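On a predicted model such as this, the values are computed, not experimentally measured, just so you know.
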2 protein chains.
Amino acid sequence: MVSETMTDRAPIRLLLADDHPIVRSGLRAVLDAEPDIEVVGEAATASEAVRLAGELAPDVVLMDLQFGSGSHGADATAQITARPDAPRVLILTTYDTDADILAAIEAGATGYLLKDASPDDLAAAVRTAAAGRSALAPAVAQRLMGRMRTPEAALSRRETEVLQLVADGMSNQQISRALFLSQATVKSHLVHVFTKLGVDNRTAAVAAARRQGLIRR
Amino acid sequence: MVSETMTDRAPIRLLLADDHPIVRSGLRAVLDAEPDIEVVGEAATASEAVRLAGELAPDVVLMDLQFGSGSHGADATAQITARPDAPRVLILTTYDTDADILAAIEAGATGYLLKDASPDDLAAAVRTAAAGRSALAPAVAQRLMGRMRTPEAALSRRETEVLQLVADGMSNQQISRALFLSQATVKSHLVHVFTKLGVDNRTAAVAAARRQGLIRR
DNA sequence: CCGGCCATCAACCGAAAGGTTGACTTCCTG
DNA sequence: CAGGAAGTCAACCTTTCGGTTGATGGCCGG
């Protein structure tokens, strides 16, 4: 079923970026079947995505947020959208609780899609992104709204940084050394975190933050 | 490139089980392209996988371990392999550190494959499974070996149970009440856990156990 | 049948974390 | 420019946690 709004226009040039060959094949199979969409390239890493976005000049980049081993899709998004005639970036993610959702949006992503989306949703989101409109999965949009409705659950940058190190298993002393702070400051940040999350110890804070997607998984 | 060992035999009947339509499409696109493999069905849930495994009588079931919302691929594997003329079950997973690896193998899975596998790896694993031989991704096999080489990293059932509650954010007192134990016993278990994992506090233990896939993600 | 692992509990002590108050600076925003 | 949020630090106190020692009983395997 071809969209009525672009029956005879040039097809949407699409770049796929995902570290899983299987997922790339799935996206290609689903989207190449659409007559108004043409997959012009595939990237297996974040840096390759940035490079190909420049070389191939696609209309839309469909980018996985969970790139294997370190590289963040949000970073690549920022690099891609930094340029003047940049393609639209559509983020693809597994979890609607991802801590990097806001980061990706701020990095210039046009839309957000969950990996359990149907082929129809997928094609629709690509067309919406190509048209320059924002495409957000309902679950994600609701979560973003909720984030705004409850600013008390929003941790400050420093608080998140400290909590992340707690989640990595570090003691207050180790954290103070890692961040060049006194232990008093670390404790101060953590007390604020506990209050905001409604918990009273560090492991509960990590569990709560993980549930709410405030820290890395 | 057709395998030399089965040039003219009936194709391998394959059932795909994954909750992501995109992944199913990718698997179908990759595997249907192989002349000796035929995808006979797709299941989006664990229970559907069990049902179709009975109805379609496939040779191999390619099953995702991370089925959305609760249902475990390991459980479905156990149900499928319980019957006498059961198909081979090939497990597909995103993480090579998954705590359920052993559970799935014990449930009767013939092989194990990571989602970042190449199409060639994938087809080869399906053929290996169809032939009844065990197909393990190198990273997974190595990890299983490592598990056996270092039994000190294997936590006892009770220790894992306590550590899981720690990861959920509970204090020693809360855990003691939840498990009908004294706090002394909880502490005792945790000290053993710390020793086995080589850490000296609860948050570090949770981080380490999470890395090694000893507890739920 | 005995040694070892698992599971349970107690008492004790020092160290770390949790909680409060208060104070100072910087930066942003109304 | 006044106010607030964020970030930094200190001193103090209470509670929890980490670590040790030791003890009991069940179960399994050599």
Side-chain angles (χ1 to χ4, degrees), chain A residues 99 102-103 106 147-210 214-215, chain B residues 99 102-103 106 147-210 214-215:
Chain A
L102 281 176
E106 282 165 11
R147 190 75 56 94
M148 293 169 189
R149 252 188 270 111
T150 56
E152 74 280 359
L155 303 182
S156 74
R157 193 161 310 181
R158 204 59 162 164
E159 286 161 358
T160 305
E161 197 176 1
V162 170
L163 184 56
Q164 182 63 63
L165 295 185
V166 170
D168 291 341
M170 294 172 72
S171 68
N172 288 350
Q173 190 177 54
Q174 290 173 313
I175 295 170
S176 72
R177 285 174 183 156
L179 299 182
F180 304 104
L181 295 176
S182 77
Q183 291 189 49
T185 305
V186 175
K187 288 169 66 172
S188 173
H189 286 310
L190 284 179
V191 167
H192 293 150
V193 169
F194 298 162
T195 305
K196 288 179 177 178
L197 296 182
V199 299
D200 59 357
N201 67 69
R202 49 177 54 218
T203 46
V206 170
R210 217 180 280 274
L214 300 176
I215 56 176
Chain B
L102 282 176
E106 281 165 12
R147 191 75 57 95
M148 292 169 191
R149 252 189 269 115
T150 55
E152 75 279 359
L155 304 181
S156 74
R157 192 161 313 181
R158 203 57 161 166
E159 285 161 358
T160 304
E161 196 175 3
V162 170
L163 183 57
Q164 182 64 61
L165 295 184
V166 170
D168 291 342
M170 294 172 73
S171 69
N172 288 349
Q173 189 177 54
Q174 290 174 314
I175 295 170
S176 72
R177 284 173 184 158
L179 299 182
F180 303 103
L181 295 176
S182 77
Q183 290 190 49
T185 305
V186 175
K187 288 170 64 174
S188 174
H189 286 310
L190 284 180
V191 167
H192 293 150
V193 169
F194 298 161
T195 305
K196 288 180 176 178
L197 296 182
V199 298
D200 60 357
N201 66 69
R202 52 178 52 217
T203 47
V206 170
R210 219 180 278 275
L214 300 175
I215 56 176

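You'll find that the side chain of B/Arg157 is closest to C/dA7, out of C/dA7, D/dT8, C/dG18. Of the candidate nucleotides C/dC6, C/dG18, D/dG7, C/dC6 has the atom lying nearest to any side-chain atom of B/Ser156. The side chain of B/Thr185 lies closest to C/dC9 when the candidates are C/dC9, D/dT8, C/dG19. Between C/dG19, D/dG19, D/dG7, one nucleotide has an atom nearer to the side chain of A/Arg158 than all others, and that is D/dG7. Side-chain atoms of B/Ala184 lie closest to C/dA10 of the nucleotides C/dA7, C/dA10, C/dG19. The nucleotide whose nearest atom lies closest to any side-chain atom of A/Lys187 is, among D/dT8, D/dG19, C/dG19, C/dG19.
Using a 4.0 Å heavy-atom cutoff across all strands shown, A/Ser182 reaches sugar-phosphate atoms only and no base atom.
OP1 or OP2 of D/dC17 sits under 4.0 Å from a side-chain N or O of B/Asn172. Phosphate proximity of D/dG18 to B/Asn201: absent, as no side-chain N or O sits under 4.0 Å from OP1 or OP2. Within the structure, every side-chain polar atom (N or O) of B/His192 is placed at least 4.0 Å from both OP1 and OP2 of C/dC6.
Take the nearest nucleotide of DNA chain D for B/Ser188 and for B/Arg202: the residue whose nucleotide is more 5' is B/Arg202.
For B/His189 and D/dC17, the NE2 to C1' distance is 16 Å, given to the nearest whole Å. The CD-P distance, from B/Glu161 to C/dA7, rounds to 9 Å in whole Å. B/Ile175 has its CD1 atom 14 Å from the P atom of C/dC9, to the nearest Å. In this structure, A/Phe194 places its CZ atom 14 Å from P of D/dT16, rounding to the nearest Å.
A 4.5 Å side-chain heavy-atom check between B/Val206 and B/Arg202 finds every atom pair outside the cut-off.
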Test log, rule side chain to side chain contact (heavy atoms under 4.5 Å, CB included), inputs B/Leu163 and B/Leu155 = CA-CA 9 Å; B/Leu163 183 57; B/Leu155 304 181; 3.7 Å; yes
Side chain to side chain contact (heavy atoms under 4.5 Å, CB included) assessment of B/Leu197 paired with B/Leu214 = CA-CA 10 Å; B/Leu197 296 182; B/Leu214 300 175; 3.8 Å; yes
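Separation of atoms NE2 (A/His192) and CZ (A/Arg158) is listed at 14.0 Å; rounding is to 0.5 Å.
For the pair A/Ala167 and B/Ala207, the tightest heavy-atom approach, listed with the atom from each and the gap, is O-CB, 3.5 Å.
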